[in-house]
There are 2 protein chains.
Amino acid sequence: MGQNVAVTRPLTRRPGRPLGGQLDVSRDVVLDAAERVIARDGATASIDAIAAEAGVTKPIVYDRVGSRADLATALAERLSDRMAVAARAALDGRGFTRLSLASFIEANLRTVIEHRDLFLYVTGGSTDQTSLGRLVLAEQSVIPLSMALKNWRQRAVLDPSVSDSWAYGMVGMLQMASLWVIGSPSADPRVVADQLAELLWYGLVGERRTD
Amino acid sequence: MGQNVAVTRPLTRRPGRPLGGQLDVSRDVVLDAAERVIARDGATASIDAIAAEAGVTKPIVYDRVGSRADLATALAERLSDRMAVAARAALDGRGFTRLSLASFIEANLRTVIEHRDLFLYVTGGSTDQTSLGRLVLAEQSVIPLSMALKNWRQRAVLDPSVSDSWAYGMVGMLQMASLWVIGSPSADPRVVADQLAELLWYGLVGERRTD
DNA sequence: CGGGGAAGTTACCACGGGTAAGAAACTGCC
DNA sequence: GGCAGTTTCTTACCCGTGGTAACTTCCCCG
C-alpha cells in the first residue's frame, strides 16, 4: 500500500480520524500526562507539552478537560485529595490534640513538598479576576475544614461563626508556609509544623484570658 | 518645515528621538501609570497598556522598571509600604494587645480592599519557579514582621526561633483572608479581623499548657 | 451504497512579554 | 563649522501560549 499515493505529504499520518478505531484517551489519561509533564518540566508546563505527553493533539485536551483553568481545578482536586489522605493517615483516629494538629500540618507540608511543582502549577498564575485562581486549591481545603471546625466548635459549645475566617486563614497559612518550605530546603517541615501548631493551638481550643 | 518632505509616512511623528528634548519619564511616572491602569482595567493589565498610559512606548518601560517581574516587585513594595503605614496608624503607639492585633489585621484587610486589583496583580501570576512570584509581596511583609516577632519574644523571654515560621504563616493567613474578603463582599473586614485575632492571640502571647 | 454525524488533525488567530535594529537628536572634537 | 560617536527614543519584529475554526477521515445506519 502506498506506492500509488503521489502526494506532497508522506504516509506517516494523514489527517482525520485515525485508523485504529476510537482514540482511547480519557480525561484521567490527560490529567496523568499533565502531572507527569509538570513533575518533569516544572510549573510552566504548556498545554502543548501536556498534549504531546498524552500522545494526543491540543484540541483533544480541550475536549477532555476544558480550559487551562479547568485543568488547574482538576489537578487541584487531585492534590487536595492527596493532602486529605495524608492528613487522615497522620491523624488516624487519635483525638484532636496539639500533637495531632502538628501532625496534620506536617502531613500537609510534606505532601506539598512531594508534589512541589504541581502545587506551584495549581496555586500559581492566572491573574484572572473572574476565577481568582488561587482560591481554586484553597476552597477545596477550606470547605471541609470550615465544616469540621463548625461542627467541632458547636459540640464544644464555642462560637461557631468563626469557622469561615479560620478556615481561610489556616489554609492561607499552610499555603504560604508550604511555599516558604519549598523554597528554602533548610526549613525542616517537622519543626515548622510544630511551630505553627504552637501558634494556632491555644486559639483553636478557645483558651481564654482576661487580656 | 515639512513641505519638502515627500514621504510615505505623514508628518505626525517620525521615529527616532523626539524634538522636544529628553523625555522626562522617570521610573516613578511609569509605576504611577501602572497603578492607574491596574486600577482601571484590572489585574490583567498588559505592559503595552501601561506604556500607553504613561505616554511612552514599551522599551521605555523595560528601561525604567525592567521585566514584568521587576514591575510586580516594585508595585509590591509600594503596596506593602501602604499596608505598613495603615498598620502603624491603626496601632499608633498603643502596646501589643488583643485589640491592637485586631486593628493591625483590619488595617491590612482594608488596605488590600482599597487596592484590590493591585493586590491581585502583585500576588497573582508568574508560575515562574525561579522567582516564586507570590513571595514577592510576602517577603516584604515577612521580614519586618519576623524581626519584630523575634525582638519581642526575646524581650518576653520566649522562644524566638519561631519567628520565621510565624511570620510566613501569618502573612499567608492575611493574604488568603484578603483574597476571600475581596471576593465575598458579605464578609465584614472588622469581624474577620477580630476572629483572626482571636485565633492568633493566645498562641502569640505564649499561653502554655502541658497538653 | 450513500449520506450524515462522530472524532481527529492541521492550521491558524490573538495577544503578551521581550528585544533587535534603525532613526533622530545631542555631544565633543578637530 | 562639519563630522563621528553616543544617547535616546521608535518601529517592527520574534516567539511562545492559550484557544479555536475548518477540514478530513471514518463509521454507522437507513
Handout entry: Presence of B:R68 side-chain N/O under 4.0 Å of C:dT19 phosphate oxygens OP1/OP2
Key = no

Exercise for the section: State whether B:T57 places a side-chain N or O below 4.0 Å from either non-bridging phosphate oxygen (OP1 or OP2) of D:dC9. Expected result: no

Problem - Contact check, side chains of B:V162 and A:E198, non-hydrogen atoms, under 4.5 Å - result: no

Practice task
Indicate whether the side chain of A:T73 and that of A:D70 have a donor and an acceptor atom separated by less than 3.5 Å.
Solution key: no

Practice task
Please check if any side-chain donor atom of B:S161 sits under 3.5 Å from a side-chain acceptor atom of B:D159, or the reverse.
Solution key: yes

[X] [atom1] - [N] [atom2] separation (whole Å):
X	N	atom1	atom2	result
B:D48	D:dT10	CG	P	13 Å
A:D41	D:dT17	CG	C1'	15 Å
B:R64	C:dG18	CZ	P	17 Å
B:I47	C:dG16	CD1	C1'	9 Å
A:Y62	C:dC12	OH	C1'	14 Å
A:I50	D:dG16	CD1	C1'	15 Å
A:I60	D:dT24	CD1	C1'	14 Å

Exercise for the section: Between D:dT17, C:dT19, D:dA21, spot the one nearest the side chain of B:P59, thanks. Expected result: C:dT19

Problem - Nearest-neighbour nucleotide for the A:S67 side chain, C:dG17, D:dG19, C:dG8 considered - result: D:dG19

Practice task
Indicate yes or no for a side-chain donor-acceptor contact from B:S184 to the backbone of B:W180 under 3.5 Å, with no hydrogens or angles considered.
Solution key: yes

Practice task
Would you kindly compare A:D63 and A:K58 by the position of their nearest DNA chain C nucleotide and give the one closer to the 5′ end?
Solution key: A:D63

